[in-house]
Amino acid sequence: MSFTRSDKDKLLAQTRRRCCICYKFCGVKIEVHHIIQEADGGENSLDNAIPVCFECHAEINHYNPRHPKGNKFTPEELKLHKKQWFEICKDTPEVLVNAPRNIDIGSLEGMILELKFNLDAVNRVAGSDWQNFYGCPLENSQYRRAVKEGSLLLLPDEIISSIHGAYTFIGRVNTLTNSFANTRPEGNAHEEATNRLLNGARGSIPYIQIALDSLNNFLKED
Ligand SMILES: [Zn+2]
């Protein structure tokens with residue numbers, strides 16, 4: 001079960017599609033979060049719903065008690081954030097007219113797109129027309145950003161581990177691509193480097209897929 005479409009419409013219009021915690025304009029990249037989780041008896045009602053951006057959603061939902069840094073969001077605090085933002089939207093809508101609307105995708109969402117690109121790239125290299133696709137370096141800038149911004153720390157240990165598995169392989173495929181590119185295009189050494197690259201690309205596919213699935217699953221609305 002989830003919130004009804006008309007409740008969501010109402011809420012997203014009232015909050016101007018901005019996150020109730022950080023006030024960022026989200027456009028379509030907004031989640032409607034259960035203040036009290038359904039598993040804990042929370043209802044699918046307007047009262048129990050709060051629109052938040054992906055990054056705040058990750059912080060609220062998946063505070064990891066095994067890494068107890070900072071302070072966890074409580075349902076009571078979320079209700080206060082929602083109330084404050086509702087008051088600003090209602091009483092002083094003029095502040096919204098000039099407020100920036102830059103949409104930042106956030107590093108966890110960025111990592112999903114990056115993993116999708118890498119998966120597509122290794123699938124092409126592992127395919128029959130690999131000659132058309134080898135040599136393109138795999139990307140890791142969103143992973144680095146997630147580490148730098150601390151969003152990786154928000155994730156449960158098993159998801160961090162699957163992401164590490166994927167990026168370890170991604171680094172390895174880049175190394176194999178470099179050695180392939182540095183061998184003369186003939187002879188045994190070239191053949192060996194080719195096989196290593198193709199096997200490395202094939203071997204990375206399940207690892208990248210697992211990381212992508214686990215991150216997608218983690219970020220889905222609840
Ligand atoms: Zn936010």
Side-chain angles (χ1 to χ4, degrees), residues 2-3 5 7-40 42-65 67-116 141-156 159-160 163 212 214-222:
S2 64
F3 304 109
R5 187 64 244 183
D7 276 355
K8 279 192 187 180
D9 289 345
K10 214 178 291 171
L11 205 55
L12 293 175
Q14 278 172 323
T15 53
R16 269 70 172 175
R17 282 188 177 263
R18 284 180 181 267
C19 173
C20 291
I21 293 174
C22 70
Y23 303 162
K24 178 168 78 180
F25 177 73
C26 300
V28 296
K29 302 202 166 298
I30 194 158
E31 305 276 16
V32 181
H33 173 72
H34 284 85
I35 294 174
I36 297 170
Q37 292 294 288
E38 283 184 286
D40 299 327
E43 292 176 358
N44 290 303
S45 62
L46 269 177
D47 252 10
N48 194 36
I50 180 171
V52 286
C53 71
F54 288 158
E55 303 304 286
C56 289
H57 186 237
E59 295 211 6
I60 295 166
N61 226 11
H62 300 280
Y63 176 86
N64 186 342
H67 301 297
K69 288 186 193 299
N71 286 286
K72 189 180 166 73
F73 284 93
T74 62
E76 291 68 31
E77 185 194 341
L78 291 177
K79 283 179 195 161
L80 291 173
H81 280 294
K82 183 181 170 188
K83 186 164 168 274
Q84 281 172 173
W85 183 236
F86 265 53
E87 283 166 6
I88 294 172
C89 292
K90 188 165 155 285
D91 301 338
T92 51
E94 63 277 8
V95 301
L96 295 165
V97 176
N98 294 322
R101 284 175 48 114
N102 303 338
I103 299 180
D104 181 346
I105 190 172
S107 52
L108 294 180
E109 280 296 307
M111 202 156 45
I112 286 183
L113 292 176
E114 182 168 272
L115 286 166
K116 278 186 181 165
S141 59
Q142 295 300 321
Y143 168 76
R144 287 167 188 267
R145 184 179 159 209
V147 171
K148 197 169 148 206
E149 292 179 355
S151 35
L152 203 68
L153 265 183
L154 299 170
L155 302 172
I159 298 181
I160 296 178
I163 289 171
L212 185 58
S214 63
L215 201 52
N216 261 324
N217 194 40
F218 171 78
L219 286 177
K220 76 170 191 281
E221 196 167 276
D222 53 18

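Each ligand, and each atom within it, is numbered from 1 in the order the structure gives. Remember, predicted model here, so these are calculated numbers, not experimental data.
- Taking the six-membered ring where tryptophan is involved, the planes of Y23 and W85 are essentially parallel, since the angle between them stays under 30° and well short of 60°.
- The Zn ion (ligand 1) has no N, O or S atom of C20 closer than 2.8 Å.
- Atom-to-atom distance recorded for I30:CD1 and L12:CG is 5.5 Å, nearest 0.5 angstrom.
- Taking backbone and side chain together, C19 holds an N, O or S atom under 2.8 Å from the Zn ion (ligand 1).
- The Zn ion (ligand 1) has an N, O or S atom of C56 inside 2.8 Å of it.
- For CD of E43, the number of neighbouring non-hydrogen atoms (other residues, nucleotides, ligands) closer than 6.0 Å is 12 at most.
- Atoms SG of C22 and SG of C53, as seen from the Zn ion (ligand 1), are separated by an angle of 110°, to the nearest 10°.
- Residues E114 and Q142 approach most closely at OE1-N, 2.8 Å, considering heavy atoms.
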